[in-house]
S.K.: 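Structure in structure tokens, see below.
Quick caveat: nothing in here was measured; it's all calculated off a predicted structure. All residue numbers in this chain count up from 1 along the given sequence.
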Amino acid sequence: MTKKISPTLTLLALAVSAFAIGSTEFISVGLIPMLIQSFHVSLAQAGLTVSVYALGIMVGAPLMTLLTGQMNRHTLMLMIMGLFIAGNLLAALAPTFSILLAGRVVAALAHGIFMTVASVIAADVVAPAKRASAIAVMFTGLTVATVTGVPLGTMIGQLGGWRWSFIFISVIGVIGLVADYILIPRQLPLPSRATAKGILRVLKTPQLLVTALGYGGTFVAYTYLSPLLETKMGWSAQAVVVILVVYGAMVALGNTLGGRWANAHPLPALLKMFVGLMVTLLVLTVTLHSQWLGLLTVLVMGFFAFMNVPGLQLYIVQVAEQQTPQDITMASALNISAFNVGIALGSAIGGQVTSQFGLAWTPLFGALMVGLSIVATMGLIRLA
């Protein structure tokens, strides 16, 4: 007889894997100065390590959901983590910048499907009344990664070279793989079969546009946060590591409060969050050249940056439940894609802005992008 695995232990395993996944998504933000020096690329080219990764998630989430929809969940999670480890090792050993980008794409494919599958597993191993709490526990891995994983990886890169940052993340991935093998039940119910028609149905919903614009606006500036802190505000590379830790704590606080505020009525709450984010980015364009005022504004930006994530994810699922319940899994996957469309678009715009106008203009263009999401959100509120 198979021994029953405690749901708490399963959620812990998923959180460890989520920590690895979350660490690698934004690790290159702290490594950009080192990548520029190592590969002799421009600031805009180095920013591709963020935007290409986001594009990999954008394509990977729905595609991998289609390809793996009826695969055993335990086996699938092991495959996902194996792919994740391989991608980060490829990045760590990359002899050229192009191969580094290829490694980022491989890891991103794993990331895209992980978020969808891990959420479903977390919901399946607990009682129905505890599903939202279980998913929140799994997402704490991503939150902790923002607080500690990214700055720790940046510090390792500064001490031993950027390649060790990716090796560090690969090691965490191995720990996650072992934990998933031991602690995820062998037999879990399979979700409804995802279909290509389901993709088309979900893609017709305007909510995905709000996700891409509202979430992505931050990344016009955030992708180049380390250069902004060093070259515009005058902080040292060592101080930037500490600042990234505090920034991550602000992200965690904003994410937690954003989930509570959006729980009952997501759209009105999202509108207020987007306005707060846009105002902060506009203020940053003014305080950018002041060391302490600029730092304070950056931390406020961190508070608002990911605050909208729980509300955006909740809203798309609510819409799917009301309109096409069979598309809930695909709606979740495509919303994850939309988040990363926003990251790719935001970081790409940031790259063009730095090339054409200069680094100091990135917060303004980020504010304009968030402003478009405000208009779209107001339209959805009127429709509702």
S.K.: With heavy-atom distances below 4.5 Å as the criterion, would you say the side chains of L359 and L43 are in contact?
M.R.: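 They are in side-chain contact.
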S.K.: Check step by step if side chain to side chain contact (heavy atoms under 4.5 Å, CB included) holds for M369 and I349.
M.R.: CA-CA 10 Å; M369 191 169 166; I349 290 173; 4.1 Å; yes
S.K.: Please name the pair of heavy atoms, one in A344 and one in A54, separated by the smallest distance, quoted to 0.1 Å.
M.R.: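 Nearest heavy atoms, A344 then A54: N-CB, 3.6 Å.
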S.K.: How far apart are the C-alpha atoms of V251 and F303, what are their side-chain angles, what is the distance that settles it, and do they pass the side chain to side chain contact (heavy atoms under 4.5 Å, CB included) test?
M.R.: CA-CA 5 Å; V251 167; F303 177 73; over 6 Å; no
S.K.: May I ask you to decide if Q45's main-chain N or O and S42's side chain share a donor-acceptor pair within less than 3.5 Å?
M.R.: yes
S.K.: Are I21 and L90 connected into the same hydrophobic cluster when the rule is that any two of I, L, V, M, F, W, Y join if their side-chain heavy atoms are below 4.5 Å apart?
M.R.: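 No; I21 is not reachable from L90 via cluster members.
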S.K.: Donor-acceptor check, side chain of H74 to backbone of Q187, threshold 3.5 angstrom: yes or no?
M.R.: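 No; zero donor-acceptor contacts below 3.5 Å.
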S.K.: Against L78, only a single residue in V178, I184, N72, L177 fulfils side chain to side chain contact (heavy atoms under 4.5 Å, CB included); can you say which?
M.R.: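 So the option named by the test is L177.
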S.K.: Atom CE of M273 and atom OG1 of T377: how far apart are they, to the nearest 0.5 Å?
M.R.: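 M273 CE to T377 OG1: 11.0 Å, rounded to 0.5 Å.
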S.K.: Using 0.5 Å steps for rounding, measure from the CG atom of L334 to the OG1 atom of T205.
M.R.: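 It comes to 8.0 Å.
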S.K.: Compare all side-chain heavy atoms of S226 with those of I32 and state whether any distance is below 4.5 angstrom.
M.R.: no
S.K.: Strictly under 6.0 Å, is that where the ring centroids of Y53 and H111 end up?
M.R.: yes
S.K.: In the structure I gave you, are the side-chain heavy atoms of V283 and V300 within less than 4.5 Å of one another anywhere?
M.R.: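 A side-chain contact is absent here, since even the closest heavy-atom pair is not under 4.5 Å.
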S.K.: Any sub-3.5 Å donor-acceptor pair from S290's side-chain atoms to T287's backbone N or O?
M.R.: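 Not confirmed, S290 side chain does not pair with T287 backbone.
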S.K.: Tell me the closest heavy-atom pair linking I36 and A46, and the distance in Å.
M.R.: CG1-CB, 3.7 Å
S.K.: Between L83 and L93, is there a shared hydrophobic cluster once you connect ILVMFWY residues whose side-chain heavy atoms come closer than 4.5 Å?
M.R.: no
S.K.: Does some side-chain heavy atom of E230 sit less than 4.5 Å from a side-chain heavy atom of V240?
M.R.: yes
S.K.: With Y222, which of Y215, F304, Y247 fulfils ring-ring contact (aromatic ring centres under 6.0 Å, His included)?
M.R.: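 Passing option: Y247.
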S.K.: Between CD1 of I113 and OG1 of T65, what distance do you get to the nearest 0.5 Å?
M.R.: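 OG1 of T65 is found 3.5 Å from CD1 of I113.
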S.K.: Contact between L55 and M58 at the side-chain level, heavy atoms closer than 4.5 Å - yes or no?
M.R.: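 L55 vs M58: side chains touch.
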S.K.: Flag the pair L31 / S165 as yes when at least one side-chain heavy-atom distance between them is below 4.5 Å, and no otherwise.
M.R.: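 Heavy-atom side-chain distance check passes, below 4.5 Å.
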S.K.: Has S236 got a side-chain atom pairing as donor or acceptor with A239's backbone, closer than 3.5 angstrom?
M.R.: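 Between the backbone of A239 and the side chain of S236 there is a qualifying donor-acceptor contact (under 3.5 Å).
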S.K.: Hydrophobic cluster membership, with links at side-chain heavy-atom distances under 4.5 Å among I/L/V/M/F/W/Y: are L296 and V286 in one?
M.R.: no
S.K.: Any sub-3.5 Å donor-acceptor pair from Q158's side-chain atoms to Q238's backbone N or O?
M.R.: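 Not a single qualifying donor-acceptor pair exists.
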S.K.: Taking the six-membered ring for Trp, is the centroid-to-centroid distance between F365 and F357 below 6.0 Å?
M.R.: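 Aromatic pair counts; centres sit under 6.0 Å.
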S.K.: Centroid separation under 6.0 Å, is that true for the rings of F219 and F339?
M.R.: no
S.K.: Please confirm whether R104 makes a cation-pi placement over F84, using NZ or CZ under 6.0 Å from the six-membered ring centre and within 45° of the ring normal.
M.R.: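 No, R104 does not sit over the ring of F84.
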S.K.: Under a 3.5 Å distance rule, please check whether N88 uses its side chain to pair with a backbone N or O of G103 as donor and acceptor.
M.R.: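 No.
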S.K.: Short question: side chain of N340, backbone of I343 - any donor-acceptor pair under 3.5 Å?
M.R.: no
S.K.: Check whether W162 and I99 end up in the same hydrophobic cluster, where Ile, Leu, Val, Met, Phe, Trp and Tyr are linked by side-chain heavy atoms less than 4.5 Å apart.
M.R.: no
S.K.: Rounded to the nearest 0.5 Å, what separates atom CG in L293 from atom CE in M233?
M.R.: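 It is 10.0 Å, given to the nearest 0.5 Å.
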S.K.: May I ask you to test the P185-L188 pair for a side-chain heavy-atom distance under 4.5 Å?
M.R.: yes
S.K.: Quick one: closest heavy-atom pair of A44 and S355, and the distance?
M.R.: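 In terms of heavy atoms, the two residues are closest at CB-OG, 3.6 Å.
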S.K.: Looking at CE of M71 and CG of L67, how far apart are the two atoms once the value is rounded to the nearest 0.5 Å?
M.R.: 8.5 Å
S.K.: Are L225 and L244 close enough, and set up right, to give a side chain to side chain contact (heavy atoms under 4.5 Å, CB included), and what steps lead you there?
M.R.: CA-CA 9 Å; L225 184 57; L244 288 175; 4.0 Å; yes
S.K.: Tell me if the CZ atom of R186 is crowded by more than 12 foreign heavy atoms within 6.0 Å.
M.R.: yes
S.K.: R163 side chain to A94 main-chain N or O, any donor-acceptor pair under 3.5 Å?
M.R.: yes
S.K.: Yes or no on side chain to side chain contact (heavy atoms under 4.5 Å, CB included) for N335 and Y315, after CA distance, side-chain angles and deciding distance?
M.R.: CA-CA 10 Å; N335 204 48; Y315 183 60; over 6 Å; no
S.K.: Name all residues meeting the side-chain hydrogen bond (donor to acceptor under 3.5 Å, both in side chains) criterion together with T10; count only those two or more places apart in sequence or in a different chain, and write none if there are none.
M.R.: none
S.K.: For the side chain to side chain contact (heavy atoms under 4.5 Å, CB included) test, which of I27, I156, L89, V171 pairs with F166?
M.R.: I27
S.K.: Keeping the roles fixed (side chain from S373, backbone from V370), state whether a donor-acceptor pair exists under 3.5 Å.
M.R.: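 Checked: pair present.
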S.K.: Membership question, hydrophobic clusters at under 4.5 Å side-chain separation (ILVMFWY): are V117 and I182 in the same one?
M.R.: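 Yes, it is one cluster - the side chains of I182 and V117 are joined through contacts under 4.5 Å.
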S.K.: Checking the side chain of S38 only, and the main-chain atoms of M34 only, is there a donor and an acceptor separated by less than 3.5 Å?
M.R.: no
S.K.: For Q37, look at atom CD and say whether over 12 heavy atoms of other residues, nucleotides or ligands are found less than 6.0 Å away.
M.R.: no
S.K.: Using every non-hydrogen atom in the two residues, find where G112 and I57 come nearest and quote the distance to one decimal.
M.R.: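 Result for this residue pair: CA-CG2, 3.7 Å.
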S.K.: If every non-hydrogen atom of A333 is compared with every non-hydrogen atom of A61, which pair is closest and at what distance?
M.R.: O-CB, 3.5 Å
S.K.: Hey, does L100 have a side-chain heavy atom less than 4.5 Å from the side chain of T96?
M.R.: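 No, too far: nothing below the 4.5 Å cut-off.
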S.K.: What is the minimum heavy-atom distance between V52 and L101, and which atoms define it?
M.R.: CG1-O, 4.1 Å
S.K.: Please report the interatomic distance CG(N308) to CG(L271), rounded to the nearest 0.5 Å.
M.R.: 12.0 Å
